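The figures that follow rest on heavy atoms only: side chains count, while hydrogens, waters and symmetry mates do not. In this text, all values refer to a predicted model and were calculated from it rather than measured experimentally. Every chain is numbered from 1, with letters handed out A, B, ... down the list of sequences.
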Amino acid sequence: MSVDAEATASATADSGGGTAATAPAPVTMTKALNAALRDSLAADENVLVYGEDVGRLGGVFRVTEGLRKEFGPERVWDSPLAESGIVGTAIGMAMGGMRPVIEMQFDAYAYPAFEQIVSHVAKMRNRTKGRVSLPITIRIPYAGDIGGVEHHSDSSEAYWTSTPGLTVLTPSNPADAYSLLRESIASDDPVIFMEPKSRYWMKETLSLPVTTAPMNRAEVVRKGSDVTLLAYGPTVRTAVEAAEAGAEHGLSVEVIDLRTLSPFDDETVSASVRKTSRAAIIHEAAQFGGYGAEVAARVTERNFTHLSAPILRITGFDVPYPSPKLEEYYLPTVERVLDAFETWDWEL
Amino acid sequence: MSVDAEATASATADSGGGTAATAPAPVTMTKALNAALRDSLAADENVLVYGEDVGRLGGVFRVTEGLRKEFGPERVWDSPLAESGIVGTAIGMAMGGMRPVIEMQFDAYAYPAFEQIVSHVAKMRNRTKGRVSLPITIRIPYAGDIGGVEHHSDSSEAYWTSTPGLTVLTPSNPADAYSLLRESIASDDPVIFMEPKSRYWMKETLSLPVTTAPMNRAEVVRKGSDVTLLAYGPTVRTAVEAAEAGAEHGLSVEVIDLRTLSPFDDETVSASVRKTSRAAIIHEAAQFGGYGAEVAARVTERNFTHLSAPILRITGFDVPYPSPKLEEYYLPTVERVLDAFETWDWEL
Amino acid sequence: MTIDVPPSTGRALPQLQPISFIGPDSSPTDAPTEGLSIPSDRTLLGLYRQMVHVRRFEAQVTHLTRQGRLATYPSAAGQEACEVGATTALAPNDWLFPTYRDSASLLTRGVPVAEILAAFRGDWHCGFDPHEYHTSPAATPLATQTLHATGFAMAAKLKGTDAATLTFLGDGASSEGDTHEAFNFASVWQTPTVFVLQNNQYAISTPLREQSNATMLADRAAGYGMPGIRVDGNDVAAVFAAVATALERGRNGEGPTLIECLTYRMESHTNSDDPTKYRDAEEVEHWKQFDPITRLETYLRSTGVLDDAGFDEITASAEELAASVRDAMNDEAVIDPSELFAHVYASPRASLGEQQKILEAELAAAGRA
Amino acid sequence: MTIDVPPSTGRALPQLQPISFIGPDSSPTDAPTEGLSIPSDRTLLGLYRQMVHVRRFEAQVTHLTRQGRLATYPSAAGQEACEVGATTALAPNDWLFPTYRDSASLLTRGVPVAEILAAFRGDWHCGFDPHEYHTSPAATPLATQTLHATGFAMAAKLKGTDAATLTFLGDGASSEGDTHEAFNFASVWQTPTVFVLQNNQYAISTPLREQSNATMLADRAAGYGMPGIRVDGNDVAAVFAAVATALERGRNGEGPTLIECLTYRMESHTNSDDPTKYRDAEEVEHWKQFDPITRLETYLRSTGVLDDAGFDEITASAEELAASVRDAMNDEAVIDPSELFAHVYASPRASLGEQQKILEAELAAAGRA
Ligand SMILES: Cc1ncc(C[n+]2csc(CCOP(=O)(O)OP(=O)(O)O)c2C)c(N)n1
Ligand SMILES: Cc1ncc(C[n+]2csc(CCOP(=O)(O)OP(=O)(O)O)c2C)c(N)n1
Ligand SMILES: [Mg+2]
Ligand SMILES: [Mg+2]
């Protein structure tokens, strides 16, 4: 994917546009993210990429591969190893007119930056009555299913979604990865951009740049009439597989990829739930206080009389993320989804 | 409240017991907490109290008043100003056989310690297959309604309740404040002990020591038959007032004080909801992803067929905690509770 | 192993005696000056004038808290030389990153009285437009702003502007992890950042000796390959000279500087604090002899720069400032409840619109809309 | 202002040349020794033996990752002098607070091979009983363990036991806020804590010069009023002597010490890393001449402490260790799914019981229970 002069000149806030289109080819999510970063860097000279090992190494997941070489160490560089420092300096840079795109190396390593994210990134605009925008994109590889050592597989989305002031996105496929990341970087609101690690190597045939549905919209990725199954990031694939397995048993499952966790797309989800009268949400994070709680609560509030059954949460168990040999028992599977559907009273 | 030799000798893991009883007298929540700390220090020489300004000053809310003088600076002292340091050293102290009781000066000032709390306090027991216990009590004054400057009124309970491995308590009255704090300190599990700032000066006539219902149990604080209203910490008073106002309109509201946020007392709450068929939860924190989401989701899952209406969440709005002049519009009020009840279809 | 030993430039620990030009007795000191020069008479007179102003301002605001008209106010009384000396050294395009303690610096930076008060009387969190005054919102979470100042300076460096940044932090805040990270990032990136550490010897009730075991906090700098100096924080001449020079170093691409200003908090932490619990009246009394304003006043009178007429004019104008504080308080702003929702996101959210309607209905029902 | 200047004890920045007894050419150096004495021949031979063992252990484990039998392993090859020298200096009652990099120290501390491997093959997070080996779980979140070591040492001090603590951290981890907070707490509280900073010059791909602008990381110590020394991290004699002395200081109530060990990571960060992206083969080649094991071997042969028979015996016993690693891998533990729920809380939770039943039903349905 070459970035030509035209791209630099014309690319603007709208995602996609600008870069000369590539021929359709299989693209992994890491490559799609890499392309989004490259095109964003080319489109706006205020875009900066920094973090731990994102420069020479290209990131431990190779999402930033080649960018330092292409844009130079003044645009893409390795920072000292300190996450609060990375986020805190990004705040200052954004106040100074930059659009920093920073990486937290693994999900649990965003925690040292928690105060900067929650007390400043989320609140600066409100605190200053809109005078100060913080167009920062915080990229966080998240979730498990990679046989990782402790602290490398957390699903921390609930911490961010329960913080007013943050926009939280998570792509489940390469096309969305490209399109949503470009939109995030172009947004004047700070975005927590959560990348599902286990889907980094997922391939899709794409021509780049690609523009998918805008952020803040959920997408129906498979139509169905009996059950609405809500998923995001790593569990979209599980949801689709569960829908396929359900179909074999005569169950028609509609799968919705939420894409944006905050704000929640009530419209798309309510429309589906009013049609099916049953819904479930699937995520890797533990259940208690997980993101699924918000989904279940708000969808029930808005659609109570349309529901034939309680909204189910098919999730990780309420335990710390386990060691690799226990991972398979922890993660929600197709079977767990189908079992959950069976707990409903289908006569209602 | 004098700590006599007998108290020192006999007080053990069970809260209360040991200290010579005081005559009934009006006791504020701060005094009750202070007494619980004093009695815990007297009961077990491994109990330590430290944090920012908890020594000479007795804490900015005076909860630790007099303790340094009574137990000496080796048991009660002022630490350097660094919350991650306070929690991180408490972990080491607990590994070394101590039972540290540490204070985060305000809710938002626990955030610098987020990584230590989430990645270590919550996980050490699980990581070591139970070989290492961390009997740490982290006291966090929380919530608003005090006209505080920014960052002094956050309700951060959802961050802790969505973290497996933590036990999260919050008293709503002086008696519980005493009893639950003693239980927390005696517990081998780490406890996040959230103290509702706006209720610090609430008085109750008490004879100390007092033993209330054990932790992990919710309490029905007012009986009713039409609606179950769930509350905790600062909103219990609002809930009781709403129940009184409701009674004037012929509405019989059962109020439950959750007391323990994690684990959730499904039994007590389900029993009430099955009786009333309607429930609402009230909290100060923002709604989206707040603790109320978990409550609504799980109570609905367990009692769907018994519900005549969706569970309502009466909460702060989905905005950063506002400046004092906007506080009255943000905080859930008796009116907001009653208005919410009116949104239900009472014909069902 | 004789390999890979980097050069030792800038490594030495600096002077122990604080840099000072004008001593407590108002005469020139023989303290180290580390190559700095005393500011001109004109500058000194301006600094004096501004110190008198900020002290009057803070006395007036503190008085309002005593009357119960303002909830909380952290006064910097006694620290005027740090506040005014450092802030005055800034160029207009530089950015200031203050804390809750530094209202005096906001005033010095030109933020109007009403906007400073707006935060304290609970109108809105920040109170002023940061871009207008090149001044960040006063930070409440300790030490966090040191990183913002570093990041802003990095942006300025990358954009090639000549802006430098100055941030204040306290002796207590120096213990937070963020301070360390800011020192390190600033030095690795060689950003034009000046860290002015106001060592007023207390963090609320916690005395310096329980905060740090360092001989002096300026000694931290050596560990980052950054110059660190200690200044008499009650000598405004020294503070101004040190900060101006450090800002200049930053602009010249020579990186950040740590300046420890040794001073003392004369008032309680805020009006809701009770300092008798943790310090003696004698200690406060003792520090009166180091007062930054009387010290400079006597000096300026001795050099003939200030006379009675000048003094009276400054006093009168400070009284006008105090009056403007009272006026501002009488001019109570009415805050529109819709402000709750207006600035959370750049792009509006439907769900916030719904919530705003709930609030509007509540207010209408209560006859308040 | 001539008041309140604390004494300057312990303030001076230490030597630049690392402390060393046995140089890269295996002969005694004229580097500074800062009053330390070279360990006895007997101790040196023990250190040599253990270094050979841990190297063989790590080579074997790395080999298992290449075969795909273990997912990830961070080897400390090249850093054996730090790992073994520091850990050997501990008394049995002292506690060690290691990181993911420090399996060699676990081995030295007596943690059985199978228990070290348990973590890496995903059986359970920690793998061993910390109380049995007086060794904390290897920390993955960087720098967090420095605070645990400080807290533990404080508990020991308060309880009046004679335990000291030792924690390892890397050059990268030194940038985290927690490191600063640990240095500060340890020095203010004067805890018996020894911080062994293994400066292996890289944090994954990030070179030291982009991590810190300090002349040397040991310079950090002065800012905390704590002794900080730099040691040739490839001279096990120096590491042992420095750590043993620092532990002794701690036990004597003289507080913490920072010891920077200058060394080099010979392998990739972990087996999933690609070091060609960020460093030259020549650099790695260059560091071979400083190898800690061959250096000591030549020295011990030259002094007659080691002969061929001794060498052969050590090699053979290291081979036995390697064999035990292979055996342990063949003895694959079966992990009971109920382990998921067993250790989350000391007091059982009903809701976890319900979840466990769900899992059991799933397994039963799949014919796996
Ligand atoms: C992260 C954080 N922790 C705690 C507090 C509460 N707090 C406010 S001011 C203060 C003392 C600060 O002392 P210092 O840094 O010396 O500044 P000074 O008040 O003396 O100007 C504390 C503990 C805070 N604002 N932020
Ligand atoms: C808080 C935190 N951030 C990031 C990481 C990811 N990470 C693991 S090792 C490493 C580099 C550490 O370098 P250094 O401290 O020098 O130790 P070394 O690996 O060289 O032994 C990084 C960034 C982590 N484990 N913890
Ligand atoms: Mg101070
Ligand atoms: Mg390293």
Side-chain angles (χ1 to χ4, degrees), chain A residues 83-84 108-119 122-123 126-127 150-151 154 156 158-165 261-264 285-298 300-305 307 309-313 316-323 345 348, chain B residues 83-84 108-119 122-123 126-127 150-151 154 156 158-165 261-264 285-298 300-305 307 309-313 316-323 345 348:
Chain A
E83 293 78 9
S84 189
Y109 305 144
Y111 302 157
F114 196 78
E115 181 186 35
Q116 289 286 357
I117 296 175
V118 165
S119 292
K123 293 180 175 167
N126 187 63
R127 170 185 307 148
E150 203 189 351
H151 306 290
D154 280 20
S156 66
Y159 298 135
W160 317 124
T161 53
S162 63
T163 304
L261 303 184
S262 177
F264 183 81
Q287 181 164 109
F288 197 91
Y291 181 70
E294 175 60 33
V295 173
R298 73 190 295 117
T300 305
E301 276 159 12
R302 284 165 170 72
N303 306 287
F304 185 73
T305 56
L307 288 176
I311 295 181
L312 295 180
R313 296 180 287 166
F317 296 119
D318 290 335
V319 304
Y321 199 88
S323 49
D345 181 350
L348 288 174
Chain B
E83 294 77 9
S84 189
Y109 305 144
Y111 302 158
F114 196 77
E115 180 185 37
Q116 289 286 358
I117 297 175
V118 165
S119 292
K123 293 180 174 165
N126 186 64
R127 169 185 308 147
E150 204 190 350
H151 307 288
D154 280 21
S156 66
Y159 298 135
W160 317 122
T161 54
S162 63
T163 303
L261 303 184
S262 177
F264 183 81
Q287 182 165 109
F288 198 90
Y291 181 70
E294 176 60 32
V295 172
R298 75 189 294 116
T300 305
E301 276 159 12
R302 284 164 169 73
N303 305 288
F304 186 73
T305 56
L307 288 175
I311 295 182
L312 295 179
R313 296 181 285 166
F317 295 118
D318 290 334
V319 305
Y321 198 87
S323 48
D345 181 350
L348 288 174

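Under 3.5 Å, the side chains of B:S156 and B:Y111 contain no donor-acceptor pair of N or O atoms.
Only the backbone of A:D318 comes within contact range of chain B, with at least one heavy atom under 4.5 Å from a heavy atom of that chain. When heavy atoms are compared at a cutoff of 4.5 Å, A:R298 approaches chain B by way of both its backbone and its side chain. Contact annotation for A:V118: only side-chain heavy atoms (C-beta onward) come within less than 4.5 Å of a heavy atom of chain B. Looking at A:Y159, both its backbone and its side chain come within 4.5 Å of chain B, counting heavy atoms on both sides. For A:E83, no part lies under 4.5 angstrom from a heavy atom of chain B. With a 4.5 angstrom heavy-atom cutoff, B:L307 touches chain A via backbone and side-chain atoms both. Contact of B:R127 with chain A is made through the side chain alone, with heavy-atom distances under 4.5 Å. At a 4.5 Å heavy-atom cutoff, the contact between B:E301 and chain A is made by backbone and side-chain atoms alike. For a residue to count as touching a neighbouring chain, one of its non-hydrogen atoms must lie under 4.5 Å from one of that chain's; by this rule A:S323 does not touch chain B.
Ring planes of B:W160 and B:F114: tilted class, angle from 30 to 60°.
Heavy-atom pairs under 4.5 Å with chain A peak, among B:P164, B:A110, B:P310, at B:P310. Comparing B:R313, B:Q287, B:R302 by how many heavy-atom pairs each has under 4.5 Å with chain A, the most go to B:R313. For the set A:D154, A:N303, A:T300, A:N126, the entry with the most heavy-atom pairs within less than 4.5 Å of chain B is A:N126.
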| request: Please report the C-alpha distance between B:K123 and A:H151 in whole Å, then the side-chain angles of each, then the deciding distance to 0.1 Å, and finally whether the side-chain contact (heavy atoms from CB on, under 4.5 Å) criterion is met. | output: CA-CA 10 Å; B:K123 293 180 174 165; A:H151 306 290; 4.3 Å; yes
